[in-house]
Amino acid sequence: MSRRKQIYEGKAKILYEGPEPGTLVQYFKDDATAFNAQKKAILDGKGVLNNRISEFVMLRLEEIGIPTHFIKRLNMREQLIKKVEIIPLEVICRNVAAGTMAKRLGLEEGTKLPRSVVEFCLKRDDLGDPLVAEEHIHAFGWATHAEVDEMITMTLRVNDYLRGMFGGVGINLIDFKIEFGRLDVTMENGSVAHQVILADEISPDSCRLWDRDTDRKLDKDRFRRDMGEVTEAYTEVATRLGILKEANNVHAPNLSVVSNDD
Ligand code: CDP
């Protein structure tokens with residue numbers, strides 16, 4: 001690997017300086033963490049799968065007009081992305097009660113919600129990413145009213161699209177988490193404005209995905225809850241989406257992938 005300046009190292013990804021100004025390289029690690037990094041493991045091939053699945057999802061979302069940070073995949077573990085200022089909020093969208101919502105509201109996991117619900121959590125690992133109200137977002141200036149409106153609108157569009165996309169391959173989208181960033185855009189008159197775009201990743205690390213017929217979990221809950229066969233489940237998601245050629249190509253990092261450039 002060439003010597004590049006590391007900008008940031010997170011739990012599952014590393015960001016490097018990109019080849020051109022305004023770009024970064026996002027590297028997907030095999031590290032898995034849960035419960036605020038109290039539980040850790042290396043899952044062989046997870047990074048390769050998430051790089052592929054996130055690429056696939058971001059490209060589809062671009063097609064329906066959702067602006068994203070994704071530029072192109074560079075290799076098995078890296079993608080070129082636009083550099084943005086990350087808005088310090090995790091935006092969660094839920095269709096079915098699970099995880100913290102099920103616990104907090106005393107709902108049985110698997111209960112269908114009356115409608116899709118969007119929640120905001122503050123990105124603060126040291127506080128366990130607490131749920132926050134829009135009031136907090138405005139009072140503390142984490143995002144403007146217009147940005148909050150845009151994030152909600154985009155999140156609901158992402159949800160509609162992803163529900164259909166996963167539904168088409170027999171998977172129920174229970175919930176997911178996305179993040180947004182501010183991109184500097186130069187206007188015709190030379191002034192600079194911020195555009196809110198989708199950032200980070202969308203993968204089985206950040207979604208709850210249940211098989212439609214059996215409710216089998218195909219996401220990071222397999223790791224959180226010690227259910228085993230984590231990369232096998234991620235591989236199944238990739239295979240169903242048509243990203244992997246065959247379901248048995250799970251022996252990463254030499255994953256056999258549908259590709260014409262690597
Ligand atoms: O996952 P957990 O039960 O801790 O929290 P949740 O609020 O029920 O998570 C809702 C959705 O957001 C799940 O699909 C999680 O995988 C995802 N999430 C995430 O990707 N990153 C976080 N820091 C928190 C939640």
Side-chain angles (χ1 to χ4, degrees), residues 11-12 30 32-36 38-41 43-54 56-58 60-61 90-119 121 129 131 155-178 200-252 255:
K11 286 172 281 191
D30 281 344
T33 65
F35 311 117
N36 216 356
Q38 288 170 40
K39 177 171 177 165
K40 290 185 193 169
L43 301 174
D44 262 357
K46 179 176 80 83
V48 175
L49 289 159
N50 282 354
N51 186 23
R52 277 293 179 152
I53 295 170
S54 199
F56 182 88
V57 173
M58 294 282 180
R60 300 282 101 65
L61 291 174
E90 299 198 334
V91 187
I92 292 175
C93 184
R94 302 176 185 273
N95 301 305
V96 172
T100 51
M101 178 192 239
K103 268 196 216 102
R104 201 183 308 121
L105 301 184
L107 297 168
E108 193 181 335
E109 213 172 46
T111 309
K112 196 177 180 315
L113 300 177
R115 63 170 176 83
S116 304
V117 173
V118 177
E119 295 174 346
C121 293
D129 300 331
L131 184 70
T155 300
L156 290 171
R157 286 195 64 208
V158 169
N159 184 46
D160 279 349
Y161 184 81
L162 293 188
R163 275 175 102 174
M165 187 190 84
F166 284 119
V169 295
I171 295 174
N172 281 339
L173 177 64
I174 305 303
D175 59 32
F176 61 93
K177 183 264 311 184
I178 49 180
D200 194 46
E201 73 178 297
I202 298 184
S203 73
D205 267 4
S206 57
C207 302
R208 283 197 170 93
L209 304 168
W210 296 0
D211 178 77
R212 184 179 51 211
D213 299 325
T214 63
D215 278 348
R216 179 178 146 82
K217 295 184 197 325
L218 300 170
D219 57 58
K220 196 169 146 184
D221 272 348
R222 300 201 72 82
F223 170 68
R224 294 189 190 97
R225 303 179 188 189
D226 294 321
M227 300 170 84
E229 299 182 335
V230 185
T231 40
E232 286 81 353
Y234 286 34
T235 302
E236 180 160 349
V237 173
T239 306
R240 288 203 202 179
L241 291 173
I243 302 167
L244 294 183
K245 279 180 202 154
E246 288 170 32
N248 59 6
N249 285 322
V250 296
H251 300 296
L255 280 166

Heavy atoms from other residues, nucleotides or ligands near [atom1] of [X] exceed 12 (cutoff 6.0 Å):
{"X": "R115", "atom1": "CZ", "value": "no"}
{"X": "K103", "atom1": "NZ", "value": "no"}
{"X": "K40", "atom1": "NZ", "value": "no"}

Which of L49, I53, I171 passes side chain to side chain contact (heavy atoms under 4.5 Å, CB included) with P204? It is I53
Roughly how far, to the nearest 0.5 Å, is [atom2] of [Y] from [atom1] of [X]?
{"X": "E229", "Y": "L218", "atom1": "CD", "atom2": "CG", "value": "10.5 Å"}
{"X": "C207", "Y": "I202", "atom1": "SG", "atom2": "CD1", "value": "6.5 Å"}
{"X": "M165", "Y": "R60", "atom1": "CE", "atom2": "CZ", "value": "8.0 Å"}
{"X": "T100", "Y": "L105", "atom1": "OG1", "atom2": "CG", "value": "9.0 Å"}
{"X": "R104", "Y": "L131", "atom1": "CZ", "atom2": "CG", "value": "4.5 Å"}
{"X": "D200", "Y": "E90", "atom1": "CG", "atom2": "CD", "value": "8.0 Å"}

Which is it for E109 and R225 under the salt bridge (Lys or Arg N to Asp or Glu O under 4.0 Å) test, yes or no, and what are the steps along the way? CA-CA 14 Å; E109 213 172 46; R225 303 179 188 189; 2.8 Å; yes
Between [X] and [Y], is any pair of side-chain heavy atoms under 4.5 Å apart?
{"X": "D226", "Y": "K39", "answer": "yes"}
{"X": "K177", "Y": "E119", "answer": "no"}
{"X": "M101", "Y": "I92", "answer": "no"}

Between [X] and [Y], what is the shortest heavy-atom contact and its length?
{"X": "I174", "Y": "A98", "answer": "CG2-CB, 3.9 Å"}
{"X": "S54", "Y": "E201", "answer": "OG-CA, 3.3 Å"}
{"X": "T231", "Y": "K46", "answer": "CG2-N, 3.9 Å"}
{"X": "V48", "Y": "D30", "answer": "N-OD1, 4.4 Å"}
{"X": "A41", "Y": "F223", "answer": "CB-CE1, 3.5 Å"}
{"X": "E236", "Y": "R240", "answer": "OE2-NH2, 2.6 Å"}

Spell out, as yes or no, whether a donor-acceptor pair under 3.5 Å connects the side chain of K220 to the backbone of V230. no
When you measure from the side chain of R224 to the backbone N and O of F35, does any donor-acceptor pair fall under 3.5 Å? no
If you measure from the Lys or Arg side-chain nitrogens to the Asp or Glu carboxylate oxygens, is any gap between D219 and R208 under 4.0 Å? no
Test salt bridge (Lys or Arg N to Asp or Glu O under 4.0 Å) applied to R157 and D160, step by step: CA-CA 5 Å; R157 286 195 64 208; D160 279 349; over 6 Å; no
Partners passing side chain to side chain contact (heavy atoms under 4.5 Å, CB included) against N159 (at least two apart in sequence or in another chain): C93, N95, S116, R163, L173, F176
Within 45° of the ring axis of F56 and under 6.0 Å from its six-membered ring centre, is that where the NZ or CZ of R52 lies? no
